[in-house]
S.K.: 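Questions regarding the structure given below will be posed in turn.
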Number of protein chains: 2
Amino acid sequence: MLKNKATIKDVAELAGVSIKTVSRVTNREGSVKPDTLERVNQAIEQLNYQPNTAARNLAGRKSYALGYVYDNPNAYYVLDMQNGILAECRDRGYELVIHPCSATNKGIIDELATMVKRSQLAGLIISPPLSEMPDVLTGLDKLNIPYIRVISGSEVQVNSSPCVYINDRDAAFEITEHLIEQGHTKIAFLRGDECHRSSHERKIGYLQALEKHGIQSDHRYQIDGSYSFEFGVSGAKQLLQLEDPPTSIFSCNDEIAAGALFAVRLEGLDVPSQISIAGFEDSPFSRQTWPKLTTAAQPTNVIARKATASFIQYLSSRKDDDPHNDLVPHLQFKPELVLRESTLNQARNENVN
Amino acid sequence: MLKNKATIKDVAELAGVSIKTVSRVTNREGSVKPDTLERVNQAIEQLNYQPNTAARNLAGRKSYALGYVYDNPNAYYVLDMQNGILAECRDRGYELVIHPCSATNKGIIDELATMVKRSQLAGLIISPPLSEMPDVLTGLDKLNIPYIRVISGSEVQVNSSPCVYINDRDAAFEITEHLIEQGHTKIAFLRGDECHRSSHERKIGYLQALEKHGIQSDHRYQIDGSYSFEFGVSGAKQLLQLEDPPTSIFSCNDEIAAGALFAVRLEGLDVPSQISIAGFEDSPFSRQTWPKLTTAAQPTNVIARKATASFIQYLSSRKDDDPHNDLVPHLQFKPELVLRESTLNQARNENVN
DNA sequence: TAACTAGGTGACAGCGTTGTCATTTGTGTG
DNA sequence: CACACAAATGACAACGCTGTCACCTAGTTA
């Protein structure tokens with residue numbers, strides 16, 4: 001296929017040194033006299049030598065590959081994460097190994113361990129819901145596999161592993177407050193999957209906003225479900241059948257909101273004049289409805305990139321014998337409120353695009 | 001937990017064979033007696049053995065890594081492809097390097113060449129629209145980089161590179177014929193992106209069905225656009241404004257169909273009793289509408305998997321000095337008609353789930 | 001002067017797998 | 001029964017690199 005590349009031997013021969021010395025140079029180990037260094041570098045340049053990664057990995061030492069582990073049904077989210085991670089990896093000369101898996105799989109830890117070993121991964125990047133499962137994390141800790149995780153959380157947990165916190169709680173608080181400011185007091189909440197921490201965080205934010213504004217929390221308005229269009233439809237239907245239905249629905253994500261919107265419009269209600277609907281995530285769903293959805297934007301791509309950058313930094317600086325250094329990265333992001341027509345009475349816009 | 005991973009030696013010992021025989025099994029080289037094979041496979045399973053990629057790459061002249069190259073806005077499609085490829089790669093002990101890129105980028109060939117070299121890839125898997133761009137293909141041919149591509153096409157092009165053909169044409173024919181059987185004669189067609197061959201193939205199928213049944217093709221009913229929800233909305237609106245609007249709309253994919261469905265229902269029309277709508281692809285969109293969409297299912301995951309399997313087989317069997325052997329894989333798939341409520345007058349179902 | 005240091009350097013043994021080629025086993029033939 | 005020939009299997013040397021450890025200088029100390 002491609003040209004046979006120069007090996008370390010060729011370089012050594014040309015520079016008149018042993019292969020070990022060449023290795024010292026390429027790995028910046030030091031202990032090389034300046035003029036030897038010069039000669040070797042010249043030979044490397046002349047032959048356009050690039051160390052063979054396979055041989056390098058085989059022979060031992062660290063690897064230049066990360067793994068991205070996910071179990072998330074949301075294709076948009078996963079691809080956004082993946083693209084962000086990939087962008088940073090390319091920049092830093094790292095490889096990325098993708099690993100979709102099933103969180104319910106009992107042998108998940110073995111599976112991950114095998115993969116890490118096989119591909120000689122330097123560490124793992126883990127997104128929800130896997131990143132929020134204690135068993136998985138302690139399993140990895142036990143095996144001493146480094147990882148950074150993205151989770152839903154409003155506060156940094158000190159002394160824990162590298163982590164990126166998405167402050168869903170405060171963002172949900174803001175969305176709810178926005179609805180209250182629009183004059184709503186009967187605000188329903190459609191919650192996503194039990195196993196996603198974001199479901200709970202967003203609900204907490206919702207409840208806190210109600211409390212702050214002295215609105216009684218009403219259990220009939222709070223329905224638990226899953227992050228799906230279908231639940232949005234059924235949840236909204238259930239709400240509308242109440243003798244005193246809500247005037248607004250805050251859905252735990254855009255997919256649910258799209259379902260709710262669909263169901264509500266089928267009942268002949270106008271959005272937002274008769275009922276307001278808000279989502280969360282700023283996924284394509286939120287723009288592919290009419291009216292477009294008010295939501296909270298989490299720039300997943302950017303988050304993934306920054307997380308990856310921090311993680312790489314962390315990996316190369318950390319000492320194996322000193323796990324408790326102060327360089328453990330803890331990033332925080334808060335999704336931004338995005339106001340659109342689905343909750344804005346005054347700003348109705350008939351244009352779908 | 002198995003900190004020390006099993007090597008080929010351990011497997012060989014447990015199975016009572018030489019390491020070479022184990023290698024034969026893991027690489028499906030053949031020349032292994034059934035009962036030996038059985039024993040080795042059992043040992044592999046028992047030890048949870050996974051070949052070390054670094055060692056393989058080093059030892060063999062070939063590499064055990066593939067690249068997946070895509071430039072496709074459809075997250076569901078990309079992820080389906082990716083998961084399928086990945087599943088097969090895992091089975092075969094191959095690594096996968098993901099490479100999202102921009103088809104409009106002028107230096108795309110250089111970009112791919114660099115990546116192939118850096119990651120020592122054995123070959124590339126390419127999906128539309130990149131797989132349908134002649135410049136890209138000839139560029140890769142020139143560099144002698146092996147690839148398999150997935151394209152929309154109804155006929156095998158002999159003497160070309162490995163290829164997977166998705167017979168969109170015949171499937172579109174069937175969908176159109178189904179609409180005709182339902183009594184429709186005013187059938188509109190909303191076409192997707194110009195640069196996707198599938199747009200054209202599906203339209204050809206549509207036209208052929210009209211012709212076969214003696215229905216005059218009407219240009220006012222045929223609108224070109226893009227694979228997006230927005231186009232579905234605007235396209236449908238445009239159709240409904242005709243003084244003689246169509247009684248059914250065949251959309252080039254589910255996203256367009258979902259948009260069309262949305263627009264049509266906003267106009268107060270009932271689906272399917274007043275107007276029928278069909279999509280294509282069987283994406284989640286097709287199930288997240290009400291009524292659910294009639295569509296054509298292309299099992300992307302399976303297709304990706306089989307394509308990968310053939311490609312690996314091809315790569316390991318092919319001789320560098322004999323590029324024109326008869327083993328060049330040419331797979332064909334035809335999307336299956338999926339009948340749902342959006343086109344079935346008799347079978348209306350109020351249940352959204 | 002001998003002994004001791006430390007900075008440079010090289011010889012060599014793996015790392016886990018595949019390729020090559022030799023060897024063993026089985027099968028059909030005269 | 002011996003013989004040829006194919007199928008199945010194994011022994012062993014790569015593959016390109018790093019880790020270990022021994023060695024060789026000079027320069028320093030007592």
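Proteins get letters first, then strands, A, B, ... in listed order; numbering begins at 1 in each.
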S.K.: Is any side-chain N of the basic residue among B/Glu88 and B/Arg305 closer than 4.0 Å to the acidic one's carboxylate O?
M.R.: yes
S.K.: Of the nucleotides C/dT17, C/dG19, D/dC17, which one has an atom closest to the side chain of B/Ile8?
M.R.: C/dT17
S.K.: Regarding A/Thr114 and B/Asn48, is there a side-chain donor-to-acceptor distance under 3.5 Å anywhere?
M.R.: yes
S.K.: Does the pair A/Val116 and A/Leu124 meet the rule for a side chain to side chain contact (heavy atoms under 4.5 Å, CB included), with working shown?
M.R.: CA-CA 8 Å; A/Val116 167; A/Leu124 301 178; 3.8 Å; yes
S.K.: Taking the inter-plane angle between the rings of B/Phe311 and B/Tyr314 on a 0 to 90° scale, is it parallel (under 30°), tilted (30 to 60°) or perpendicular (over 60°)?
M.R.: parallel
S.K.: Rounding to an integer number of Å, can you tell me how far B/Asp10 CG sits from C/dC15 P?
M.R.: 12 Å
S.K.: Looking at D/dC17, C/dG16, D/dT9, which one has an atom nearest to any side-chain atom of B/Ala59?
M.R.: C/dG16
S.K.: Going by atom types alone, do A/Gln82 and B/Gln82 pair a side-chain donor with an acceptor below 3.5 Å?
M.R.: yes
S.K.: Can you tabulate the close N/O pairs, meaning under 3.5 Å, that link protein atoms to atoms of nucleotides 10-13 of chain C?
M.R.:
| from | atom 1 | to | atom 2 | distance (Å) |
| --- | --- | --- | --- | --- |
| C/dG10 | OP2 | A/Ser18 | N | 3.0 |
| C/dG10 | OP2 | A/Ser18 | OG | 3.1 |
| C/dG10 | OP2 | A/Thr21 | OG1 | 2.6 |
| C/dG10 | O6 | A/Arg24 | NH2 | 2.8 |

S.K.: Between B/Tyr68, B/Tyr77, B/Tyr70, which is the residue that forms a side chain to side chain donor-acceptor pair (under 3.5 Å) with B/Ser127?
M.R.: B/Tyr68
S.K.: Round to a whole Å and report the spacing from CG of B/Asn52 to C1' of D/dC15.
M.R.: 13 Å
S.K.: On DNA chain C, does the nearest nucleotide to A/Leu58 precede the nearest nucleotide to B/Val22 from the 5' side, or the other way round? Give the residue.
M.R.: A/Leu58
S.K.: Report yes or no: do B/Gln157 and B/His330 form a side-chain donor-acceptor pair below 3.5 Å?
M.R.: no
S.K.: To the nearest angstrom, how far is A/Asn57 atom CG from C/dT17 atom C1'?
M.R.: 14 Å
S.K.: Within less than 4.0 Å of OP1 or OP2 of C/dG16, is there a side-chain N or O belonging to B/Tyr64?
M.R.: no
S.K.: Can you identify which nucleotide, out of D/dC17, C/dT18, C/dG26, has its nearest atom closest to the A/Pro51 side chain?
M.R.: D/dC17
S.K.: Choosing from C/dT17, D/dG16, D/dA8, which nucleotide comes nearest the side chain of B/Lys33?
M.R.: D/dA8
S.K.: I need the single residue from B/Val164, B/Asn167, B/Thr300 that forms a side-chain contact (heavy atoms from CB on, under 4.5 Å) with B/Phe333. Which is it?
M.R.: B/Val164
S.K.: What's the NZ-C1' distance between B/Lys9 and C/dT17, to the nearest Å?
M.R.: 11 Å
S.K.: Among D/dT9, D/dT18, C/dG19, which nucleotide has an atom closest to any side-chain atom of B/Glu29?
M.R.: C/dG19
S.K.: Measure the distance from CZ on A/Arg56 to P on C/dG16 and round it to the nearest whole Å.
M.R.: 19 Å
S.K.: Scan residues 36-46 of chain B against DNA chain D and write down, sorted by residue number, each residue with any heavy atom closer than 4.0 Å; if none is found, say none.
M.R.: B/Thr36
S.K.: Quick one, A/Asn41 and A/Glu45 - any side-chain contact, counting heavy atoms below 4.5 Å?
M.R.: no
